J.: 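Pasting a structure here, questions to come.
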Amino acid sequence: MTHLKEECHNLRRFLRENHIDSLLLGLSGGPDSVAAFHLIRMATEGWTDFHFGIAHANFHLRGEESQRDEEMVRRLLGNYPGIESHFTDFDTTRYCRHHSISIEMGARQLRHEWFDTLCRTNGYSRIATGHNADDNEETLLLNLLRGSGSRGLRGMERLNERIFRPLLHLSRREILELLQSVPDLPAGLPPYVTDSTNLSADYRRNFLRHRVIPLLGERWEGVHTALQTTLRLMNEENRIVEYAIRHALQGCDSVLPRELLLQFPSPLSLLRQWLQPLGATATQIAEMAGVATDDSFGSRAGARWVLPEWEVTVTPAGLRRAARCRAVCPPEVEWEELPAPDADMMQRLRRALPSEAYLPNSPKSYHWRHPRPGERFAIGHGKTKLITDLLKEAGIASSDRPHFWLLATADSADTPLWLPGLRRAMLHLITPEARHLWHVRLPRNK
């Protein structure tokens, strides 16, 4: 009990220090997620403003086992009626066949999209998972075998902008010990269920878990300590690398000067940080690094690489990136009608991203059009800015700016309200007295 009390105390303090007052936990029914459930539940007991919710997805991939897991989670939550719960079913096999992807990737996509939707519609600030220290060691080895750089070798983070992993510092053995010390477990209910696929060595992670790491342990007694030390050191060293790269890239929004690439100790790392978020492949980044550092750079002006939504061009000054937005049709957005805004909803509005907008009227009240010459966009506190300047700052090519699609009011004012992906709609459009609310967003893959 002392260990459990200490973990609850540390977790509550961590949540307070990081201003986390809402969590959505993915609860599969396995030992890790169940331990996370009890730990969060006990750590936040009496915290009246804490918003805690549970999500369980049935992917129908293991027949009766899938049904057993869902039933176990439902019975467990039946003992804690004050905790919000969400359940869903997926025809995972059909989804993967339709999208021509693997079962593992399809299940991950379905889970992530559903969790993100729950967070948006219910106001959860983070998704909690049951990842543990052993999982992190396996991630380190997987990334090592994939040829990852320092970023991959640091493993998983305990906390980022989307995910919180409360058990990442605990091994599987420690988690099982933690579960045994939970007081007043529901009678007649198993403490957790076991996924039979986790016992097989068919998957790469399971092969490392059941074959490779135990074999390493036969020769190196302190293998777990060594792997955890490596994770910690790589995490610290990667922070130094990222700091140096961020500092070097300051002011390099649309153009990465060749002089900077030649001076930086690792042009490849600089380019990876600058372009990987835009969908550049490792091959493309390596090609750009080769061109930028080659003596024939001056003769390569005009060479370009096409990314999913961007393009990179060789200019005399260096590499220039620009958004590709000359779409013939307006973007395909998703509209969702929401209840009238309350205090919690107003908090969500303040956290809105440029890829989404909250509007007071139905879709027919708005229309898509291109920006007009000299047109300005409200940027808050009575200030406006030329839309062409906003597009320029976003790195959109000058030839593409007249073709950018924006959302405007379908009335005589024809006021531009939203620059999708660049600027969110103004918050003053929504007031607590509003009787209607619509959420419009770009799909995740757009």
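Remember, it's a predicted structure, so these values are computed and weren't measured experimentally.
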J.: Less than 4.5 Å apart, side chain to side chain, heavy atoms only: is that true for Cys252 and Pro257?
T.: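 Yes. Closest side-chain heavy atoms under 4.5 Å.
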J.: Quick one: does Arg12's side chain have a donor or acceptor within less than 3.5 Å of a partner on Ala43's backbone?
T.: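 Side chain of Arg12 to backbone of Ala43, a donor-acceptor pair under 3.5 Å: yes, one is there.
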J.: State, yes or no, whether a side-chain contact exists between Arg162 and His112 at a heavy-atom distance under 4.5 Å.
T.: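 Touching, per the 4.5 Å side-chain cut-off.
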J.: For the atom pair CD (Gln276) and CG (Leu271), what is the distance rounded to the nearest 0.5 Å?
T.: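 Rounded to the nearest 0.5 Å, the CD-CG separation comes to 11.0 Å.
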J.: What's the spacing between Asn58 CG and Glu70 CD if we round to 0.5 Å?
T.: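 Rounded to the nearest 0.5 Å, the CG-CD separation comes out at 5.0 Å.
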J.: Of all residues at least two apart in sequence or in a different chain, which pass the salt bridge (charged side-chain N to carboxylate O under 4.0 Å, His left out) check with Asp32?
T.: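 Expected list: none.
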J.: Would you check if the side chain of Trp114 reaches a backbone N or O of Ala55 as a donor-acceptor pair within less than 3.5 Å?
T.: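 No, the answer is negative, given that no donor and acceptor are paired below the 3.5 Å cut-off.
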J.: Between Ile285 and Ala280, which heavy-atom pair has the shortest distance, and what is it?
T.: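 Nearest pair, atom of Ile285 first, then Ala280: CG1-CB, 3.9 Å.
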J.: Is the backbone of Gly188 close enough, under 3.5 Å, to the side chain of Arg75 for a donor and an acceptor to pair up by distance?
T.: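 A pair under 3.5 Å: yes.
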J.: Do His439 and Trp335 make the cut of ring centroids closer than 6.0 angstrom?
T.: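 No, the ring centres sit 6.0 Å or more apart.
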J.: May I have all residue pairs that pass side-chain hydrogen bond (donor to acceptor under 3.5 Å, both in side chains) and include part of residues 41-53, sequence neighbours excluded?
T.: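 For residues 41-53: His38-Arg41, His51-Glu84.
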J.: Would you please indicate yes or no on a ring centroid separation below 6.0 angstrom for Phe52 and Tyr80?
T.: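 No: the rings miss the under 6.0 Å criterion.
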J.: For residues Ile387 and Pro416, determine if any side-chain heavy atom of one lies less than 4.5 Å from a side-chain heavy atom of the other.
T.: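 When only atoms from C-beta onward are counted, Pro416 and Ile387 do touch, with a gap below 4.5 Å.
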J.: Looking only at atom types and distance, does a side-chain atom of Asn136 sit under 3.5 Å from a main-chain N or O of Met156, one as donor and one as acceptor?
T.: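 Yes; at least one donor-acceptor contact below 3.5 Å.
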J.: Can you tell me how far CZ of Arg158 sits from CG of Asn18, rounded to the nearest 0.5 angstrom?
T.: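 Going from the CG atom of Asn18 to the CZ atom of Arg158 covers 8.5 Å.
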J.: So, does Thr139 use its side chain to make a donor-acceptor pair with the main chain of Gly155 at under 3.5 Å?
T.: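 No; zero donor-acceptor contacts below 3.5 Å.
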J.: Whether Asp134 and Arg209 form a salt bridge (side-chain N of Lys/Arg under 4.0 Å from carboxylate O of Asp/Glu) is what I want to check.
T.: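 Looking at Arg209 and Asp134, the cut-off is not met.
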J.: Tell me, with the steps shown, if Phe50 and Leu15 meet side-chain contact (heavy atoms from CB on, under 4.5 Å).
T.: CA-CA 10 Å; Phe50 193 86; Leu15 294 172; 4.0 Å; yes
J.: Val333 and Trp418: side-chain contact (heavy atoms from CB on, under 4.5 Å), yes or no, with the steps?
T.: CA-CA 12 Å; Val333 295; Trp418 182 38; 4.1 Å; yes
J.: Has Arg321 got a side-chain atom pairing as donor or acceptor with Asp253's backbone, closer than 3.5 angstrom?
T.: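 Judged by distance alone, yes, a pair lies under 3.5 Å.
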J.: Could you tell me if the side chain of Glu7 sits less than 4.5 Å from the side chain of His169, heavy atoms only?
T.: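 SC-SC contact between His169 and Glu7 confirmed.
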J.: Looking at every heavy atom in both Phe59 and Ala107, which two are closest together, and how far apart are they?
T.: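 Heavy-atom minimum between the residues: CE2-O, 3.5 Å.
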J.: List for me each residue that meets salt bridge (charged side-chain N to carboxylate O under 4.0 Å, His left out) alongside Glu174, sequence neighbours excluded, and say none if there are none.
T.: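 Here no residue qualifies.
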J.: Between Arg205 and Asp135, is there a donor-acceptor pair closer than 3.5 Å when you use the side chain of the first and the backbone of the second?
T.: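 Yes.
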J.: So, for Phe37 and Ile54, which heavy atoms are closest and what is the spacing to 0.1 Å?
T.: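 Heavy atoms of Phe37 and Ile54 come nearest at CD1-CD1, 3.6 Å.
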J.: Return the minimal non-hydrogen interatomic distance between Asp414 and Glu375, and the atom names on each side.
T.: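 Closest approach of Asp414 to Glu375, heavy atoms only: O-OE2, 4.4 Å.
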J.: Can you establish whether the number of heavy atoms outside Arg68 located under 6.0 Å from its atom CZ is more than 12?
T.: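 More than 12 heavy atoms, drawn from other residues, nucleotides or ligands, come within 6.0 Å of this atom.
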J.: Can you tell me how far apart CG (Leu270) and CZ (Arg246) are? Round to the nearest 0.5 Å.
T.: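 Interatomic distance, Leu270 CG to Arg246 CZ, rounded to 0.5 Å: 13.0 Å.
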J.: Within the structure provided, determine whether Thr388 and Pro371 are in side-chain contact (heavy-atom separation under 4.5 Å).
T.: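 Thr388 vs Pro371: side chains apart.
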J.: With side-chain contact (heavy atoms from CB on, under 4.5 Å) as the test, would you mind laying out the steps for Phe404 and Leu390 before giving the verdict?
T.: CA-CA 11 Å; Phe404 185 87; Leu390 292 172; over 6 Å; no
J.: What residues form a salt bridge (charged side-chain N to carboxylate O under 4.0 Å, His left out) with Glu104, not counting sequence neighbours?
T.: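 For Glu104, the residues satisfying salt bridge (charged side-chain N to carboxylate O under 4.0 Å, His left out) (neighbours in sequence not counted) are Arg108.
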J.: Mind listing the closest non-hydrogen atom pair of Asn132 and Leu168 along with its distance?
T.: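 In terms of heavy atoms, the two residues are closest at O-CD1, 3.6 Å.
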J.: Test of understanding: with salt bridge (charged side-chain N to carboxylate O under 4.0 Å, His left out), list the residues that count as partners of Glu17, not counting sequence neighbours.
T.: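 Partners of Glu17 under the salt bridge (charged side-chain N to carboxylate O under 4.0 Å, His left out) test: none.
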J.: On a heavy-atom basis, which atom in Ser66 and which in Arg62 lie closest, and how many Å separate them?
T.: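 That would be OG-N, 3.1 Å.
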J.: Would you check if Leu406 and Phe377 make a side-chain contact, meaning some heavy-atom pair closer than 4.5 Å?
T.: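 In short, these two side chains do not touch, never coming nearer than 4.5 Å.
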J.: Can you tell whether the side chains of Arg232 and Glu236 come within less than 4.0 Å, N to carboxylate O?
T.: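 Glu236 and Arg232: not salt-bridged.
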J.: Hey, is the main chain of Ala133 close enough, under 3.5 Å, to the side chain of Gln228 for a donor-acceptor pair?
T.: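 Flag set: sc Gln228 to bb Ala133 pair under 3.5 Å.
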J.: Does some side-chain heavy atom of Leu407 sit less than 4.5 Å from a side-chain heavy atom of Pro420?
T.: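 Contact flag for Pro420/Leu407 side chains = no.
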J.: Suppose we screen for side chain to side chain donor-acceptor pair (under 3.5 Å). Which residues come up paired with Arg165, at least two apart in sequence or across chains?
T.: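 Checked Arg165 against side chain to side chain donor-acceptor pair (under 3.5 Å); matches are His131.
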J.: Starting at CG of Leu142, measure out to CZ of Phe207 and round the result to the nearest 0.5 Å.
T.: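 Interatomic distance, Leu142 CG to Phe207 CZ, rounded to 0.5 Å: 11.5 Å.
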J.: Trp305 and side chain to side chain donor-acceptor pair (under 3.5 Å): which partner among Glu311, Glu287, Gln284?
T.: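 Only one option passes, and that is Glu287.
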J.: So, taking the atom named CG in Leu118 and the one named CG in Leu24, what distance separates them when rounded to the nearest 0.5 Å?
T.: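 Between Leu118 CG and Leu24 CG, I get 5.5 Å after rounding to 0.5 Å.
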J.: Before you tell me yes or no, could you show the steps for Leu386 and Lys392 under side-chain contact (heavy atoms from CB on, under 4.5 Å), namely the whole-Å CA-CA distance, both residues' side-chain angles and the distance that decides it to 0.1 Å?
T.: CA-CA 10 Å; Leu386 285 170; Lys392 180 180 179 180; over 6 Å; no
J.: Is it the case that over 12 heavy atoms from other parts of the model lie below 6.0 angstrom from the CZ atom of Arg94?
T.: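 Result for CZ/Arg94: open.
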J.: Indicate yes or no: at least one non-hydrogen side-chain atom of Asp195 is less than 4.5 angstrom from one of Glu65.
T.: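 Yes - at least one pair of side-chain heavy atoms lies under 4.5 Å apart.
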J.: Is the side chain of Tyr192 donor-acceptor paired with the backbone N or O of Ser33 at a distance under 3.5 Å, no angle test?
T.: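 Checked: no pair found.
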J.: Checking Asn235 side chain against Leu231 main chain: does a donor-acceptor pair fall under 3.5 Å?
T.: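 Judged by distance alone, no pair lies under 3.5 Å.
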